[in-house]
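A, B, ... follow the sequence lines: proteins, then strands. Residue 1 opens every chain. Please read these numbers as outputs of a predicted model, since none were measured by experiment.
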2 protein chains.
Amino acid sequence: MMAADTPRRILDAAADEFAERGLAGARVDRIAERAGANKQRIYAYFTSKDQLFDAVIEDRIEQLLDAVPFDAADLPGYAVRILDFNLAHPSLVRLLLWHNLERPAVLARLPQSVESHARKVAALRAARGDDDWAADRLLAQVLGLVHGVTLAPGPDLDRTRADLHRAVSRLVG
Amino acid sequence: MMAADTPRRILDAAADEFAERGLAGARVDRIAERAGANKQRIYAYFTSKDQLFDAVIEDRIEQLLDAVPFDAADLPGYAVRILDFNLAHPSLVRLLLWHNLERPAVLARLPQSVESHARKVAALRAARGDDDWAADRLLAQVLGLVHGVTLAPGPDLDRTRADLHRAVSRLVG
DNA sequence: GGTCACCAACTAACCAGTTGGTTGTCGTCG
DNA sequence: CGACGACAACCAACTGGTTAGTTGGTGACC
């Protein structure tokens with residue numbers, strides 16, 4: 001009856017539900033309802049709640065990694081762009097936090113994630129002459145900074161952005 | 001029968017259980033078992049699972065806020081000491097992450113947390129001549145940095161510490 | 001006698017995952 | 001052409017295990 005994109009609708013609905021409540025707090029019936037789909041379709045396509053959760057992450061991880069192209073030559077600008085992305089997609093941030101807590105080490109084994117990280121480290125090495133370690137550290141620091149600012153953005157967004165830009169500039173000094 | 005510290009044992013057991021599984025994933029029976037106590041004692045002292053969770057946070061928040069005394073004159077050292085504390089108490093970090101996701105805005109209303117933050121901002125203003133906004137930003141940035149490093153510490157802890165120290169030094173530059 | 005504690009069983013709801021029965025839409029083959 | 005099987009989808013009810021919260025009955029200690 002419904003157009004043939006049922007798996008797509010299920011993934012979207014599940015992403016919302018999981019972002020709000022996490023894996024343990026999510027309810028499969030609620031996901032089915034939100035998707036305007038049937039519960040058995042969920043199990044037909046994704047076999048279990050846990051696997052559905054992983055499938056949602058795998059579906060969204062690409063958005064997360066590629067939505068903001070990495071720019072080793074302009075880390076401050078990169079940081080600000082990630083901040084803007086995070087603020088525009090708060091549910092993606094929550095989804096990642098949940099996943100990190102409830103499915104530890106699953107993300108670290110996702111090839112897309114590993115490769116993306118490796119590419120960034122390599123780009124940093126090429127652009128700055130750092131060794132692997134230093135590039136890895138710098139990346140973790142920048143992302144941590146962005147994360148901290150994401151969780152507590154001030155009331156004046158422009159100034160928040162400017163302050164973040166300046167902070168990263170100092171880091172890369 | 002048991003020594004009269006039953007509420008204490010319940011709080012400790014609950015802290016472990018909640019740190020591992022979160023609010024939705026925790027099981028009250030498991031907490032009772034871990035505490036070597038009886039389930040009704042939990043409800044006698046804490047009335048509900050949710051309130052028990054909040055009580056755990058309120059119990060541990062002091063540890064979190066005061067275990068590492070704030071030093072506005074030595075932010076790099078402060079950051080490193082927080083990192084060490086986080087690495088020594090990973091379950092406290094998880095507890096905070098869970099709470100942030102599952103009980104949003106509860107922490108922001110805890111007077112202890114609010115006052116501690118205000119005190120830090122005031123100390124930063126006094127020590128550096130910043131305005132409220134700048135002090136608030138700087139604090140968020142430093143804590144974000146520490147958090148990022150906490151989640152992805154390199155294999156060489158000493159170097160991780162040194163790199164964090166240098167990073168914060170540049171921030172406060 | 002009141003408080004703290006134990007044990008054990010209970011309830012009432014909830015929830016992941018299943019099953020059976022039905023409809024509509026294809027493409028295929030007789 | 002038509003009917004037949006395969007498939008996607010729906011609804012609804014069910015199973016079996018789990019779980020927050022309760023109750024009743026017992027002992028110990030102050």
Side-chain angles (χ1 to χ4, degrees), chain A residues 1-60 91 94-95 98-99 101-104 106, chain B residues 1-60 91 94-95 98-99 101-104 106:
Chain A
M1 200 210 217
M2 235 56 158
D5 57 350
T6 309
R8 176 78 267 136
R9 292 201 326 277
I10 293 176
L11 279 175
D12 291 341
D16 289 345
E17 174 80 4
F18 284 134
E20 283 173 22
R21 321 231 185 193
L23 175 56
R27 299 292 164 242
V28 177
D29 294 271
R30 211 149 39 200
I31 294 175
E33 196 184 357
R34 291 175 102 139
N38 200 270
K39 195 156 60 141
Q40 320 133 22
R41 287 294 96 199
I42 294 179
Y43 287 96
Y45 287 120
F46 302 101
T47 64
S48 80
K49 194 189 178 188
D50 286 14
Q51 286 188 50
L52 173 59
F53 191 41
D54 292 344
V56 167
I57 294 287
E58 208 170 332
D59 179 52
R60 296 287 155 115
S91 79
R94 286 179 64 86
L95 207 54
W98 284 117
H99 195 259
L101 282 170
E102 300 194 286
R103 306 286 289 178
V106 170
Chain B
M1 200 206 217
M2 234 58 160
D5 57 349
T6 309
R8 174 81 269 135
R9 291 200 328 275
I10 293 176
L11 279 176
D12 291 342
D16 290 345
E17 174 79 5
F18 284 133
E20 285 173 20
R21 322 230 185 194
L23 175 56
R27 297 294 164 244
V28 177
D29 294 271
R30 212 149 39 200
I31 293 175
E33 195 185 355
R34 292 176 101 138
N38 200 271
K39 193 154 66 139
Q40 319 132 22
R41 287 295 97 195
I42 294 179
Y43 287 97
Y45 287 120
F46 304 101
T47 64
S48 80
K49 193 190 179 188
D50 286 15
Q51 287 187 50
L52 174 59
F53 191 40
D54 291 344
V56 167
I57 293 289
E58 207 169 333
D59 178 52
R60 297 286 155 117
S91 79
R94 287 177 64 87
L95 208 53
W98 285 117
H99 194 261
L101 282 170
E102 301 193 285
R103 308 284 291 177
V106 170

A:Glu33 CD - C:dA16 P separation (whole Å): 13 Å
Length of the CG-P vector between B:Leu52 and D:dA20, whole Å: 11 Å
Pick out the pairs of N or O atoms, protein on one side and nucleotides 22-24 of chain D on the other, that lie under 3.5 Å.
from, atom 1, to, atom 2, distance (Å)
D:dT23, O4, B:Gln40, NE2, 3.2

Sugar-phosphate only, base, or nothing, as touched by B:Ala37 at under 4.0 Å among non-hydrogen atoms: sugar-phosphate
Spacing of B:Gln51 atom CD relative to D:dA20 atom P, expressed in whole Å: 15 Å
Atom pair distance, as rounded to whole Å: CD1 in B:Ile42 and P in C:dA5: 12 Å
Heavy-atom side-chain contact between A:Val28 and A:Leu52 under 4.5 Å: no
Could you list by number each residue of residues 16-29 of chain B showing a heavy-atom separation from DNA chain D of less than 4.0 Å, or answer none if no residue does? B:Ala26, B:Arg27, B:Val28, B:Asp29
Partners passing salt bridge (Lys or Arg N to Asp or Glu O under 4.0 Å) against A:Asp12 (at least two apart in sequence or in another chain): A:Arg8, A:Arg60
Take the protein atom NZ of B:Lys49 and the nucleotide atom P of D:dT18, then report the distance between them rounded to whole Å. 15 Å
Please name all residues satisfying salt bridge (Lys or Arg N to Asp or Glu O under 4.0 Å) with A:Arg30, sequence neighbours left out, ordered by chain then number. A:Glu17
Is the phosphate of C:dG17 approached by A:Ser48 (side-chain N or O, under 4.0 Å from OP1 or OP2)? no
Tell me every residue that passes side-chain contact (heavy atoms from CB on, under 4.5 Å) with A:Asp29, counting only those two or more places apart in sequence or in another chain. A:Lys39
What residues, two or more places apart in sequence or in another chain, satisfy side-chain contact (heavy atoms from CB on, under 4.5 Å) together with B:Ser91? B:Ala19
My understanding is that only residues two or more places apart in sequence, or in another chain, count here; which of them pass side-chain contact (heavy atoms from CB on, under 4.5 Å) with B:Glu20? B:Arg34
Sequence-distant partners of A:Phe18, ring-ring contact (aromatic ring centres under 6.0 Å, His included), two or more places apart: A:Phe53
Rounding to a whole Å, what distance do you find between A:Tyr45:OH and D:dC7:P? 12 Å
Say whether, by atom type as modelled, one donor and one acceptor occur between the side chain of A:Glu102 and the main chain of A:Gly22 under 3.5 angstrom. no
Residues two or more places apart in sequence or in another chain: which of them pass side-chain contact (heavy atoms from CB on, under 4.5 Å) with B:Ala44? B:Arg41
To the nearest Å, give me how far apart CZ (A:Phe46) and C1' (C:dG17) are. 16 Å
